[in-house]
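Please read the structure below before turning to the comments.
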Amino acid sequence: AERAVLIGNAAHQLHPVAGQGYNLGLRDAARLAELLLETLVCGGDVGDRGMLQTFAAERGREHDRVIGMTDFLATWFATENPAAVLLRNAGLALVERLPFARRALARQAMGLNWRGV
């Protein structure tokens, strides 16, 4: 629709792995607020098609990345294939023993890598 924006769960369908849809929605709202403020300060129209398309393109890239990651995790943890279970358990054990990997994974899951935070 003209002059409309979808954010959060309205903009994507996401498996509820670790609340990633919620985190993604918060980042959607933050970026939209930034763009709206920039547009208002410059005297622009907050419903401008170009601004809204910029928002959709920017957020679409992160949506795709997060949706791919959560789909992979949901599938990976749901499998009962013995080889996949062995690989998954070994990977988790390795991450548990490597503090930098644990921190990187936690930052990614919490969305703290968004825009270099």
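Nearest heavy-atom pair across Leu35 and Phe55 is CD1-CB, 3.6 Å. Closest approach of Thr79 and Ala84 over heavy atoms only: CG2-CB, 3.7 Å.
Linking Ile, Leu, Val, Met, Phe, Trp and Tyr residues whenever their side-chain heavy atoms come within less than 4.5 Å leaves Leu87 and Phe77 in two separate clusters. There is a path of hydrophobic side-chain contacts, each under 4.5 Å, that joins Leu40 to Leu32.
With rounding to the nearest 0.5 Å, the separation of CD1 in Ile67 from CG in Asp71 is 9.0 Å. Separation of atoms OG1 (Thr70) and CG (Asn23) is listed at 11.0 Å; rounding is to 0.5 Å. The OG1 atom of Thr54 sits 12.5 Å away from the CZ atom of Arg49 when rounded to the nearest 0.5 Å. Here the straight-line distance linking atom CD of Glu58 with atom CZ of Arg27 works out to 13.5 Å at 0.5 Å rounding.
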Which donor-acceptor pairs under 3.5 Å do the side chains of residues 91-106 make with protein atoms, sequence neighbours left out?
residue : atom : partner : partner atom : Å
Arg97   : NH1  : Ala93   : O            : 3.1
Arg102  : NH1  : Glu96   : O            : 2.4

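Residues satisfying the ring pair (Phe, Tyr, Trp, His ring centres under 6.0 Å) criterion with Phe72, sequence neighbours excluded, are Trp76. Applying the salt bridge (charged side-chain N to carboxylate O under 4.0 Å, His left out) rule to Asp45 yields the partners Arg3; only residues at least two apart in sequence or on another chain are considered.
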Original post:
Is there a side-chain contact (heavy atoms from CB on, under 4.5 Å) between Leu36 and Met51 once you walk through the steps?
Top reply: CA-CA 8 Å; Leu36 291 173; Met51 188 276 296; 3.6 Å; yes
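Between Ile7 and Arg31 the shortest side-chain heavy-atom distance does not fall below 4.5 Å. Between Arg59 and Val5 the shortest side-chain heavy-atom distance does not fall below 4.5 Å. For the pair Thr39 and Asp48, the minimum side-chain heavy-atom distance is 4.5 Å or more.
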